[in-house]
Amino acid sequence: MNVQEKARRRWDNVAKPLHSLGLLEDLIVRIAGVQETENVNIDRRCAVVFCGDHGVVRQGVSQTDSSVTALVAKAIAEGTGNINLMAAAADTDVLAVDMGMLTPVPGVRDRHVGRGTADMTEGPAMTRAQAEQAIRAGMEQMKELRDRGYRIAVIGEMGIGNTTAASAVSAVLLGREPEEVTGRGAGLSDAGLERKINAIRKAIRVNRPDAEDPVDVLAKVGGFELAGMAGAFLGGLEYHIPTIPDGMIPAASALIASRINPGVTQSILPGTVSKEPADRLILEVLGMEPVIHAQTALGEGTGGILLLPLLDMALRVYNGPHTFSSLGMDAYTPQEGKQ
């Protein structure tokens, strides 16, 4: 019997109808598999916010300019950002990582590969070597978390213009038209959305990314923080840390990671689905059912962190004393198909 089977049997010994906590039971079983123990522990948790800037912002695809990336990263580093406030309620540490911001920020973990990507409507966003370096940096960040004793990680992002890059990556890897996967990001007008879709269409036409080569797609129409997050998902599998993607942009990185190593989906926990159209499409391709449907789109890890209190409550039941044996009654058995 493997670890996941042991975890499932443990659930079945809890005094309740079988699988009556639904997806939450499935997620605890998945965590057991990642951590390689039925004694699931997520007491040490961290939200990792990968930050980067994008040259495509020059095409008018965002409501604000790239200076906002550094402002938000600074707030996160100082502990006053939206993610910090929500993380405090979930007893979660927060770490901001500079993968490629235009402006360095004190207090942000420096793993930068470049100072902002190139404008992908004019050529590749980065070189293949840079994409590979950024993926490795994301994996190294997860190793650092493992070495510091963290048992689970929310994967978030901050980068003005990165919904454009993530939508471009999604269009190529999902084989969809740009308008099918592109949303309004941080609140674009109709004209702004049209500029965004046109920029994505032009970037794909100019760069001709190879859908069969995820690193090529990442290098040509992605971003430094998307590469870092792809590495984080790969590192989660490698270092036995379950990961929770926060919305469409990390989901696009999870899709990249899954094309590099299909086994990575074993260590990813689908928490929330955002209102960005590509998010649901990606989760369906990855075979994942989200637990939370709150139409979040804030980023920074704020959607992903919503899953942690639910997992805490599920673990109270999983580890609790309310078992069939403690009540002195027979356990429920599967009844499907029986009269």
Side-chain angles (χ1 to χ4, degrees), residues 42-54 57 62-113 115-116 137-138 141-142 144-145 148-163 165-166 184-188 223-226 228-229 232 241 243-251 253 271-272 274-276 292 294-312:
I42 59 170
D43 289 348
R44 291 286 315 278
R45 67 272 298 263
C46 187
V48 188
V49 186
F50 292 85
C51 307
D53 280 307
H54 296 259
V57 166
S62 58
Q63 189 175 147
T64 59
D65 63 31
S66 294
S67 65
V68 175
T69 303
L71 292 174
V72 175
K74 182 175 183 289
I76 294 172
E78 293 175 346
T80 61
N82 295 310
I83 181 59
N84 305 87
L85 302 177
M86 295 177 70
D91 194 24
T92 303
D93 295 333
V94 180
L95 174 67
V97 181
D98 179 0
M99 293 301 304
M101 292 192 297
L102 288 170
T103 305
V105 174
V108 175
R109 180 74 165 85
D110 184 9
R111 292 189 180 275
H112 82 277
V113 175
R115 288 298 171 203
Q141 185 57 62
M142 296 303 286
E144 180 180 299
L145 290 191
R148 293 171 60 184
Y150 289 105
R151 306 302 299 274
I152 193 168
V154 174
I155 306 301
E157 46 64 39
M158 178 58 214
I160 299 303
N162 62 9
T163 58
R184 296 180 184 272
L188 285 175
F224 291 131
E225 79 275 42
L226 270 75
M229 289 188 290
I241 301 176
T243 50
I244 306 171
D246 171 40
M248 186 273 286
I249 301 165
S253 292
T272 185
S274 72
K275 61 184 180 181
E276 285 288 315
I292 301 167
Q295 298 189 21
T296 54
L298 174 56
E300 303 176 32
T302 55
I305 208 164
L306 296 174
L307 183 62
L308 290 174
L310 297 179
L311 294 176
D312 287 338

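Residues V97 and V48 are in side-chain contact: their nearest non-hydrogen atoms beyond the backbone lie under 4.5 Å apart.
Looking only at distances, a side-chain donor or acceptor of S274 sits under 3.5 Å from a matching main-chain atom of E276. With hydrogens and angles ignored, the 3.5 Å screen pairs a side-chain donor or acceptor of S253 with a backbone N or O of L226.
Nearest approach of A77 to V108, heavy atoms of both residues: CB-CG2, 3.9 Å. The two residues V94 and A87 make their nearest non-hydrogen contact at CG2-CB, 3.5 Å. For the pair A297 and K275, the tightest heavy-atom approach, listed with the atom from each and the gap, is CB-CE, 3.7 Å. Heavy atoms only, all atoms of each residue included: S62 and G161 are closest at CB-N, 4.4 Å. The shortest heavy-atom contact between F50 and G138 is CE2-CA, 4.3 Å. Nearest approach of V68 to M158, heavy atoms of both residues: O-CE, 4.2 Å.
Sorted by first and then second residue, the salt bridge (Lys or Arg N to Asp or Glu O under 4.0 Å) pairs involving residues 78-96 (not counting sequence neighbours) are K74-E78. Note on residues 296-312: pairs passing salt bridge (Lys or Arg N to Asp or Glu O under 4.0 Å), not counting sequence neighbours, are R45-D312. Judged as a side-chain hydrogen bond (donor to acceptor under 3.5 Å, both in side chains), the pairs with a partner in residues 153-162 (not counting sequence neighbours) are, in order, E157-N162, N162-E225.
Interatomic distance, M101 CE to T69 OG1, rounded to the nearest 0.5 Å: 8.0 Å. Rounded to the nearest 0.5 angstrom, L145 CG and R151 CZ are separated by 12.5 Å. Distance check: L71 CG to S66 OG gives 11.0 Å after rounding to the nearest 0.5 Å. Taken from CG in D246 to CG in L307, the straight-line distance is 11.0 Å, to the nearest 0.5 Å. In this structure, I305 CD1 and N82 CG are separated by 11.5 Å, a value rounded to the nearest 0.5 Å. Taking CG of L102 as the reference point, atom CD1 of I160 lies at 11.0 Å (rounded to 0.5 Å).
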Could you walk me through whether V49 and V72 pass side chain to side chain contact (heavy atoms under 4.5 Å, CB included), step by step?
CA-CA 11 Å; V49 186; V72 175; over 6 Å; no
Evaluate side chain to side chain contact (heavy atoms under 4.5 Å, CB included) for L95 paired with Q141, printing each intermediate quantity in order.
CA-CA 10 Å; L95 174 67; Q141 185 57 62; 3.3 Å; yes
Show, in sequence, the C-alpha distance, side-chain angles and deciding distance for R115 and D98, and conclude whether the side chain to side chain contact (heavy atoms under 4.5 Å, CB included) test is met.
CA-CA 10 Å; R115 288 298 171 203; D98 179 0; 2.7 Å; yes
For a side chain to side chain contact (heavy atoms under 4.5 Å, CB included) check, start with the C-alpha distance between I83 and V154, then their side-chain angles and the critical distance, and finish with the verdict.
CA-CA 11 Å; I83 181 59; V154 174; 5.7 Å; no
